[in-house]
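In what follows, a single structure is set out as structure tokens and then discussed.
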Amino acid sequence: MRPVSDVDDLRAQLRQRGYLSHGIERWFALDPWSSRAFWLELVLVALKAGTLIAAFAALPMTAVMLFRNAPLSPFETLELYLTYAAAWLLFSFVLVILIALVLKLRPALPIETPGALLGISFGAGALLVLPVAIWWYRFDAAPPMSELFAGVALTAIFFLVATIVVSAALLSFSIYEVQRVPAIHQKPRTVPMAVAAIVLIALLFVPAYAVRERTAIEPMIVVAPTTERIAFIAVDGLTNEILQSRPELVRALHPIPLPPIAGASTTERWASLGTGVPTSAHGVRAIEGVRFRGGRHILQRISRGDVVLMNAAPLAGVARREPLPPTVRRRDYIWEITAARGIPSLAVNWWTTADERHGALTSIGQESIFNPARGDALKVDALATTRFLTELDRRYPRLATVYLPALDVILNRMQLDQTNQLAQSIRALDNLTNVIAQARGRGYHVIVAGLPGDRQLGQAVLASNLRFDQQASTWDIAPTILTMFGFPLSREMPGKALRGTPQEPRIATYGKRNAAQAVQSVNEEYYQNLRSLGYIR
């Protein structure tokens, strides 16, 4: 073992060459004459490097989640930070070890070639930042400016720290391996590190800002004038077989059996029917939130690439996943399309909508319907019907729609004996008969769409007082309504119009929704009502 004076000389030489001027690097300047085994030394260096990297890597992710899911308690914030930090510790620990093992082929490379050390450090820093960028971009909504600035700043700091830490760790490993003082490394690294940080900021900031700008662009649409008034009634759990069992509905309407629409959840299928486009375009899926053990809040806005919260944390037992109704939608419903272009439109009780009066659109969201119902399925339909008819009399919109979910809840989601199930089903169908009669009495053409509920057998159904082409599919409902109002169809819509003359050629798309406005948090009362109605198990 070398004497103490040799240790001081080595430290002095390293300090002269700029490697002990920072506290971070001083931490990793291990004595090269240590007698510990190679793997123990390597693990120690990687563990120290991983600890510091994890401490800074978790900061931007925690900050973004706080912006997205506020408010969170201090305890939940700490749990969130520690969860991300633990994942980053494992990832960075493995990365440093892998780089060191590759360098073992030429352990003197960092000492003899300053450019190689800098390049390896920058590459490792970029590799560490890449998961943060991918994770951030996989949120459904673009970030607000406050989140964007905070996230970019913290990510840039993380990149700089990671570069310094990796550089120091590799230098320490190299000194340990070759057992000698580094060559002259006096060329400053401030300029290249600053340039790299500026490039990183541009890579993170500019694409995110461009996404925000693109969401505001709407296509120009030429609309043919019409005088139609349509009441579109959506009934979850209504099949062709059930409708055919009600003689008064068969007499009032012309039913057409349809194959059920594809989709993994109720909300996904109804979003496809209401927008007229597949799930890949509208983006509505059955999603889940995360609640930490002992936490009061559900983290609802989570990146689709977040394997830490969605997979690792529940597996480790520090959090649990809780299903939520989808709140993100990338395409407008057809009544939002018509309202944006001057057609007075009304929507009551549809998934992924909120209470809103904007221009020609009146929207009544589910929270204001479900919360007063307090888990009573029939009351949900009754409240939705009352609000629907009231708005018909008040505003007389040209396109009006209401979503009635009680039949699906009664048949598929609530644990009822057969007698009670039959009685409540009849009441739900009586309410449907009343809504149809009331809408027809106000001068509206009625279009009824029914889809089987989750795990429910039977065919979907389209029924109307108008006569449609019998060769129909569920995808044809939205295009038919748009065509009746003189709107062109988009190439994203797989369906065709069953009535009227569609404008040709089709437009490319009706454009994306403003995702930042579409994202809504589900409050606890609404969440519990969804659970009591069987939507969350």
Task: Gap between atom CD of E367 and atom CD1 of I369 - 0.5 Å precision - done: 11.5 Å

Task: Trace of the salt bridge (Lys or Arg N to Asp or Glu O under 4.0 Å) decision for E248 with R251 - done: CA-CA 5 Å; E248 69 278 11; R251 287 193 300 267; 5.0 Å; no

Task: Whether N349 side chain and V402 backbone form a donor-acceptor pair below 3.5 Å - done: no

Open item on the list: Assess, by modelled atom type and distance only, whether the side chains of T385 and N434 contain a donor and an acceptor separated by less than 3.5 Å.
Closed with: no

Task: Rounded distance (nearest 0.5 Å) linking atom CD1 of I426 with atom CG of L407 - done: 11.0 Å

- [ ] Could you tell me whether a side-chain N or O of D476 sits under 3.5 Å from a main-chain N or O of K496, the two making a donor and an acceptor?
- [x] yes

Task: Heavy-atom closest pair, residues L383 and A373 - done: CD1-N, 3.9 Å

TODO: Verify, without hydrogens or angle tests, whether T474 (side chain) and P259 (backbone) share a donor-acceptor contact under 3.5 angstrom.
DONE: yes

Task: N311 side chain reached by L315 side chain, heavy atoms, under 4.5 Å - done: no

Task: Stacked cation flag R398 on F485, 6.0 angstrom / 45 deg - done: no

Task: Whether R329 side chain and T352 backbone form a donor-acceptor pair below 3.5 Å - done: yes

Open item on the list: Please check this pair: side chain of R330 against backbone of H282, looking for a donor-acceptor N/O pair closer than 3.5 Å.
Closed with: no

Task: Min side-chain heavy-atom separation L80-L299 under 4.5 Å - done: yes

TODO: On the 0 to 90° scale, with breaks at 30° and 60°, tag the W335-F232 ring pair as parallel, tilted or perpendicular.
DONE: tilted

Open item on the list: Counting C-beta onward and ignoring hydrogens, is there a side-chain heavy-atom pair between T362 and R357 closer than 4.5 Å?
Closed with: yes

- [ ] Check whether any side-chain N or O of S303 sits under 3.5 Å from a backbone N or O of W135 as a donor-acceptor pair, and report yes or no.
- [x] yes

Task: Electrostatic pair D393:R442 at N-O distance under 4.0 angstrom - done: yes

Open item on the list: Strictly distance-based, threshold 3.5 Å: is any side-chain N or O of T480 a donor or acceptor partner for the main-chain N or O of A497?
Closed with: no

TODO: Please examine the side chains of Y510 and D332, heavy atoms only from C-beta on, and report whether any two atoms are closer than 4.5 Å.
DONE: no

Task: Main-chain N/O of I410 paired to Q421 side chain as donor or acceptor, under 3.5 Å - done: yes

Task: Over all atoms of both residues, closest heavy-atom pair of L273 and I261 - done: N-CD1, 4.0 Å

Open item on the list: Do R413 and T266 make a side-chain contact, defined as non-hydrogen atoms from C-beta onward lying under 4.5 Å apart?
Closed with: yes

Open item on the list: Tell me if the CG atom of L457 is crowded by more than 12 foreign heavy atoms within 6.0 Å.
Closed with: no

Open item on the list: I want to check something: taking the side chain as every heavy atom from C-beta on, are V64 and F139 in contact at a cut-off of under 4.5 Å?
Closed with: yes

TODO: Determine whether more than 12 heavy atoms belonging to other residues, nucleotides or ligands lie under 6.0 Å from atom CZ of R427.
DONE: no

Open item on the list: Please find the pair of heavy atoms, one from D408 and one from G453, that lie closest to each other, and give the distance.
Closed with: OD1-CA, 3.2 Å

TODO: Show the numbers, then the answer: is there a side-chain contact (heavy atoms from CB on, under 4.5 Å) between I302 and M310?
DONE: CA-CA 8 Å; I302 301 175; M310 299 302 291; 3.9 Å; yes

Open item on the list: When you compare the side chain of Q424 with that of L416, does any pair of heavy atoms fall below 4.5 Å?
Closed with: yes

Open item on the list: Working to the nearest 0.5 angstrom, can you tell me the gap between S464 OG and I233 CD1?
Closed with: 10.0 Å

- [ ] Say whether T275 and R331, considering side chains only, have a donor N or O and an acceptor N or O under 3.5 Å apart.
- [x] no

Open item on the list: Within the structure provided, determine whether D469 and R499 are in side-chain contact (heavy-atom separation under 4.5 Å).
Closed with: no

- [ ] For this output row, return yes or no: ring centroids of Y396 and Y444 closer than 6.0 angstrom.
- [x] yes

Open item on the list: Parallel, tilted or perpendicular: which one describes the rings of F370 and W351, with boundaries at 30° and 60°?
Closed with: perpendicular

Task: Exam field: side chain Q244 to backbone V250, donor-acceptor pair closer than 3.5 Å - done: no

TODO: Determine, step by step, whether L148 and V152 satisfy the side-chain contact (heavy atoms from CB on, under 4.5 Å) criterion, reporting the C-alpha distance in whole Å, the side-chain angles of both residues, the deciding distance to 0.1 Å, and the verdict.
DONE: CA-CA 6 Å; L148 190 59; V152 168; 4.3 Å; yes

Open item on the list: I'd like to know if the side chain of D381 and the backbone of A406 have a donor-acceptor N/O pair within less than 3.5 Å.
Closed with: yes

